[in-house]
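Hydrogens, waters and symmetry mates play no part in the numbers below; they use all other heavy atoms, side chains included. Numbered from 1 within each chain, the chains take letters A, B, ... in sequence-line order. Here the structure is a predicted model, which is why all the values come from computation and not from measurement.
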Amino acid sequence: MFEYEVIKNAKGTKARTGKLQTPHGEIKTPVFMPVGTQATVKAVLPRDLDEAGAQIVLSNTYHLYMRPGADLVEEAGGLHSFMGWHKPILTDSGGFQVFSLKGMRKISDDGVRFQSHIDGSYHMFTPESATHTQQQLGADIIMAFDECSPYPCEHDKTMQAMERTHRWIERCIKAKTRHDQALFGIIQGGMHDDLRRQSAEFISNLDLPGVAVGGLSVGEPKHLMNDMLDIISPILPGDKPHYLMGVGSLDCLVEGVHRGIDMFDCVLPTRTGRMGTAVTKRGRLVLRNATYARDFSPIDEDCDCYTCKNFSRAYLRHLIKAGEILAAQLITLHNIRCTIRFMDEIQEAIEQDRFNEFRDYFWRNWHEK
RNA sequence: GGAGAGGUUCCCGAGUGGCUAAAGGGAGCAGACUGUAAAUCUGCCGUCUUCGACUUCGGUGGUUCGAAUCCACCCCUCUCCA
């Protein structure tokens, strides 16, 4: 039901292409997964997502548990049919909310007690319950319930979180009863070399179909994230997919692929799109800014998305300034297409054994600080 | 012709003697955003090179140590009655 196969290992880099077989179809890697936290990629129709080349989307256990409830989704026939997306889905366990809803939760060895951000009610999440909920939701890939350390975080505290994450993954494995879902473990360890190494070894040695890297891109400088990936990448099992969680700016994507990452997810393209910022291969374009008021060219001349084929920067800026919902839709669509197409180009470069040239070329054109 | 109300910084709109370069909102400008509490949040928003200095509240004079705020006249809007 779930299989991963490496297609090509590029030379002079850890970059590789591969194929992931899931119950809802095949995924070619390296892949970018748009985020649809609440069973919807904000501002995008599933139809357009499909057309933009999305192979898989990510959704969120914590949010769907809180609303509308996992029972309801199950009753609807699972997440795929509930949200009308029939390609693969990955659900995050709610582990990230342990980090992001910092003020509204309490961690113990048993699990995490959350106070709902919606109505303030209290809810207990444990490795068992997170796994159970994800089974109800029915995604193709489900994630371990982990504790994501913030940045910065002392060695001691990071170690405790990492060890807890390790204990919890074993409980997730035990709790898992469905065989058509793939459970990925998550490496933690913050920005501490020894912990990262230790966690990478621990998670890699588990009998699981995929390995994820969590706790990165949480506010640390980018070079630190790359350092951590450098430490981890020799340890990661070559025959399993490597998933870097929460990373999605183009510069980070190339560098991640270069370090052997196969899967990425990120809210950046969708969130910044809604805020009026467009993603391009040269760096971001803050369309809201006055410079674009009379710029009648598309976001990117070379982009094949619906937005770029039909609308100018000036028009998009107008929509943003006017508070029109279409602005969010059009820019998000472009950002997703741009990011996905970027991954397609990466795949092509790897297959043609010119990934390093691709990477050099990318950095020569990248203007973001 | 008569009776009222009012003119405040780009706009709306508070402010009735010092704490006022002047509340609040809007607009404008900029920044942030990376397993989504986000169609969000933050900053700037009279001029000058910062501490600070300077010029502002329809106009002109005046009262006062001190005025957007009080007085006089003038200009202009709006409402009601003839």
Taking the [atom1] atom in each of [N] and [M], what is the distance between them to the nearest angstrom?
N	M	atom1	result
B:rU42	B:rC51	P	25 Å
B:rC41	B:rU50	P	31 Å
B:rG58	B:rC75	C1'	8 Å
B:rA23	B:rC57	P	16 Å

- Message: If the cut-off is 4.0 Å, is A:S93 near the phosphate of B:rG35, judged by side-chain N/O to OP1 or OP2?
- Response: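 For B:rG35, neither OP1 nor OP2 has a side-chain N or O of A:S93 closer than 4.0 Å.
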- Query: Would one find a side-chain N or O of A:N60 under 4.0 angstrom from OP1 or OP2 of B:rU36?
  - Reply: yes
Write out a two-atom table: protein N or O, nucleotide N or O from nucleotides 26-29 of chain B, distance below 3.5 Å.
unit_1 : atom_1 : unit_2 : atom_2 : d
B:rC29 : OP1    : A:R317 : NH2    : 2.9
B:rC29 : OP2    : A:K321 : NZ     : 2.5

- Query: Would you call the rings of A:F99 and A:F96 parallel, tilted or perpendicular, where under 30° means parallel and over 60° means perpendicular?
  - Reply: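 Tilted, since the angle between the ring planes falls between 30° and 60°.
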- Task: Could you tell me which residues satisfy salt bridge (charged side-chain N to carboxylate O under 4.0 Å, His left out) with A:D50, sequence neighbours excluded, listed by chain and number?
- Result: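 Residues passing salt bridge (charged side-chain N to carboxylate O under 4.0 Å, His left out) with A:D50: A:K87.
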- Note on the structure: Sorted by chain and number, sequence neighbours left out, salt bridge (charged side-chain N to carboxylate O under 4.0 Å, His left out) with A:E255 holds for A:R259, A:R359
- Message: Are there over 12 heavy-atom neighbours, none belonging to A:R67, within less than 6.0 Å of that residue's CZ?
- Response: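 Atom CZ in A:R67 is not crowded, with 12 or fewer foreign heavy atoms closer than 6.0 Å.
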Name the nucleic acid region contacted by [X], choosing base, sugar-phosphate or nothing; use a 4.0 angstrom heavy-atom cut-off, strictly under.
X	value
A:Q97	sugar-phosphate
A:L58	sugar-phosphate
A:S116	nothing

- Query: Got a donor-acceptor pair under 3.5 Å from the side chain of A:D146 to the base of B:rG35?
  - Reply: yes
- Message: Check this for me: does the side-chain of A:S100 come within 3.5 Å of the base of B:rU36 through a donor and an acceptor?
- Response: no
- Query: For A:K42, which residues count as a side chain to side chain donor-acceptor pair (under 3.5 Å) partner, sequence neighbours excluded?
  - Reply: none
Roughly how many Å is it from [atom1] in [X] to [atom2] in [N], rounded to a whole number?
X	N	atom1	atom2	answer
A:E220	B:rG35	CD	P	12 Å
A:L287	B:rG31	CG	P	12 Å
A:L229	B:rG35	CG	C1'	14 Å
A:R271	B:rC33	CZ	C1'	6 Å

- Numerically ordered, the residues 25-39 of chain A set in heavy-atom contact under 4.0 Å with RNA chain B is A:V35, A:T37
- Residues in contact with RNA chain B, drawn from residues 183-190 of chain A - heavy-atom cutoff 4.0 Å: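 Correct list: A:I186, A:Q188.
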- Message: Whether the A:Q21 and A:E3 side chains hold a donor-acceptor pair (N or O, under 3.5 Å, no angle test) is what I'd like checked.
- Response: no
- Item | Steps toward side-chain contact (heavy atoms from CB on, under 4.5 Å) verdict (A:I141, A:M263) | CA-CA 12 Å; A:I141 301 171; A:M263 303 165 69; 3.9 Å; yes
- Query: Does B:rU50 pair with anything, Watson-Crick or G-U wobble, both distances under 3.5 Å, and if so, with which nucleotide?
  - Reply: none
- Item | B:rU20: pairing nucleotide in any strand, Watson-Crick or G-U under 3.5 angstrom | none
- Message: Here's a test for you: under ring pair (Phe, Tyr, Trp, His ring centres under 6.0 Å), which of A:F125, A:F145, A:Y122 qualifies with A:F114?
- Response: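 Only match with A:F114 under ring pair (Phe, Tyr, Trp, His ring centres under 6.0 Å): A:F125.
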